[in-house]
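Data first, discussion second: the structure below is written as structure tokens.
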Amino acid sequence: MVFGQVVIGPPGSGKTTYCNGMSQFLQLIGRKVAVINLDPANDALPYECAVNIEDLIKLSDVMVEHGLGPNGGLVYCMDYLEKNIDWLEAKLKPLIKDHYFLFDFPGQVELFFLHSSAKIVIMKLVKKLNLRLTAVHLVDAHLCSDPGKYVSALLLSLSTMLHMELPHINVLSKIDLIGSYGKLAFNLDFYTDVENLSYLQYSLDQDPRSAKYRELTKEICDVVEDYSLVNFATLDIQDKESVGNLVKLIDKSNGYIFAGIEASARVQQDCSWSC
């Protein structure tokens, strides 16, 4: 079995920075890591990637050749990758014996709660290469400072969880910067635990823009609470303990810690180093 992470989230949530920092952390605790860039628009990578989708297709070429905008171009690229999944499998097979995978995906959210190609690519890899993957969904922590944006992030997180059908961890990224956006209406646990969302209503009513959609927001909050699936871990990618705590959650979700005596011993050692 091969383990890894599918790193997704809206633009600006810190996916590439996450892959860079996470790969460095995992290497420090003794894991061999392969970062796979599947974002055809990401042409300034801070990390060394083992596989790069730009060797197969580039967003800039697609936009010129087919007259598409960036969103349509990314959908085209994912469709193209799905049709050429053999290329990706061939690139990954030499790495599956001893590498831990980090898949860096595009930030176009429609690819992960509406469009099917990215999901099909992941599911084919899971089946053919016997991968054990966790979806790590990054959400910028600054959204907690705006109740309307926070509710939107909850709906996006829930929709993505239901669509992707993978072990899933939602993460409030850039948590070290949250104080710079002003005082939160509630303590941080309120935003990570995602309970009693009715308390948001007062804050929403203070904003004339949000008050207009009061009933819609209430219904969305009810749906999120009824499913009772969404909560958030927090992450400061520069803090070793924060990254280590997240790695423990991911290892539990994809089964890394249950993969046998050797892997279990390695995890115990990893945890002691990370803390």
Side-chain angles (χ1 to χ4, degrees), residues 1-39 42 44-52 92 95-107 122 125 131-142 157 164 166-179 188 192 231-275:
M1 292 183 291
V2 185
F3 298 90
Q5 304 174 30
V6 174
V7 183
I8 57 178
S13 58
K15 295 181 297 299
T16 298
T17 301
Y18 173 91
C19 287
N20 187 33
M22 180 60 72
S23 64
Q24 292 180 35
F25 179 87
L26 292 173
Q27 288 168 18
L28 284 173
I29 62 174
R31 301 189 199 181
K32 292 185 70 174
V33 180
V35 185
I36 296 93
N37 175 45
L38 296 182
D39 183 355
N42 197 350
L45 298 172
Y47 54 75
E48 181 180 350
C49 55
V51 182
N52 192 343
L92 294 177
L95 304 171
I96 61 175
K97 285 187 177 181
D98 57 357
H99 281 76
Y100 184 100
F101 290 158
L102 293 175
F103 292 91
D104 187 2
F105 271 89
I122 293 167
L125 294 177
L131 303 186
R132 298 292 184 269
L133 302 176
T134 291
V136 179
H137 182 236
L138 302 181
V139 174
D140 195 323
H142 93 270
S157 299
M164 295 297 291
L166 284 173
H168 191 107
I169 295 177
N170 297 301
V171 180
L172 291 176
S173 61
K174 309 178 188 178
I175 199 67
D176 51 310
L177 301 177
I178 195 167
L188 185 59
T192 57
N231 55 31
F232 292 95
T234 60
L235 177 66
D236 173 3
I237 196 63
Q238 303 295 331
D239 182 79
K240 184 170 64 173
E241 183 176 356
S242 178
V243 179
N245 289 335
L246 181 58
V247 168
K248 291 176 189 177
L249 290 176
I250 295 168
D251 286 350
K252 286 182 180 179
S253 68
N254 62 22
Y256 182 91
I257 63 171
F258 308 113
I261 296 174
E262 181 181 354
S264 296
R266 186 164 61 247
V267 169
Q268 291 177 3
Q269 184 181 44
D270 291 352
C271 291
S272 65
W273 288 356
S274 68
C275 295

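Computation of the quantities below employed the complete heavy-atom set of this structure, encompassing side-chain atoms and omitting hydrogens, waters and symmetry-equivalent molecules. Count residues from 1 along the sequence.
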* To do: Would you please test Asn52 and Leu45 for side chain to side chain contact (heavy atoms under 4.5 Å, CB included) and show each step?
  => CA-CA 10 Å; Asn52 192 343; Leu45 298 172; 3.8 Å; yes
* Please say which of Asn170, Val171, Thr17 ends up in a side-chain contact (heavy atoms from CB on, under 4.5 Å) with Leu138. => Val171
To the nearest 0.5 Å, how far apart are [atom1] in [X] and [atom2] in [Y]?
X: Ile175; Y: Ser242; atom1: CD1; atom2: OG; answer: 8.5 Å
X: Phe103; Y: Cys49; atom1: CZ; atom2: SG; answer: 12.5 Å
X: Leu246; Y: Asp239; atom1: CG; atom2: CG; answer: 12.0 Å
X: Ser23; Y: Glu48; atom1: OG; atom2: CD; answer: 10.0 Å
X: Asn37; Y: Leu102; atom1: CG; atom2: CG; answer: 11.5 Å
X: Ser157; Y: Asn231; atom1: OG; atom2: CG; answer: 10.0 Å

Under a 4.5 Å cut-off applied to non-hydrogen side-chain atoms, are [X] and [Y] in contact?
X: Asn245; Y: Val243; value: no
X: Lys32; Y: Leu26; value: no
X: His142; Y: Leu177; value: no
X: Thr134; Y: Leu166; value: no
X: Asp104; Y: Leu38; value: no
X: Leu133; Y: Phe3; value: no
X: Val6; Y: Ile122; value: yes
X: Phe101; Y: Leu125; value: no

* Asked: Would you find a donor on one side and an acceptor on the other, under 3.5 Å apart, between the side chain of Ser173 and the backbone of Ser13?
  -> yes
* **Lys15 side-chain N/O to Pro10 backbone N/O, donor-acceptor pair under 3.5 Å** => yes
* Asked: When you look at Val33 and Val35, which way does the side chain to side chain contact (heavy atoms under 4.5 Å, CB included) test go after all the steps?
  -> CA-CA 6 Å; Val33 180; Val35 185; 4.2 Å; yes
Looking at [X] and [Y], what are the two nearest heavy atoms and their distance?
X: Gly244; Y: Phe25; value: CA-CZ, 3.6 Å
X: Thr192; Y: Thr234; value: CG2-CG2, 3.7 Å
X: Gly107; Y: Pro11; value: O-CD, 2.9 Å

* Within residues 170-179 or reaching into it, pairs that qualify as salt bridge (Lys or Arg N to Asp or Glu O under 4.0 Å) - sequence neighbours excluded -> Asp140-Lys174
* **From CA spacing to verdict: side-chain hydrogen bond (donor to acceptor under 3.5 Å, both in side chains), Tyr100, Gln5** => CA-CA 8 Å; Tyr100 184 100; Gln5 304 174 30; 3.1 Å; yes
* To do: Tell me, please, which residues at least two apart from Pro46 pass side-chain contact (heavy atoms from CB on, under 4.5 Å).
  => Thr16, Asn20
* Arg31 to Tyr256 six-membered ring, cation-pi geometry met (6.0 Å, 45°) -> yes
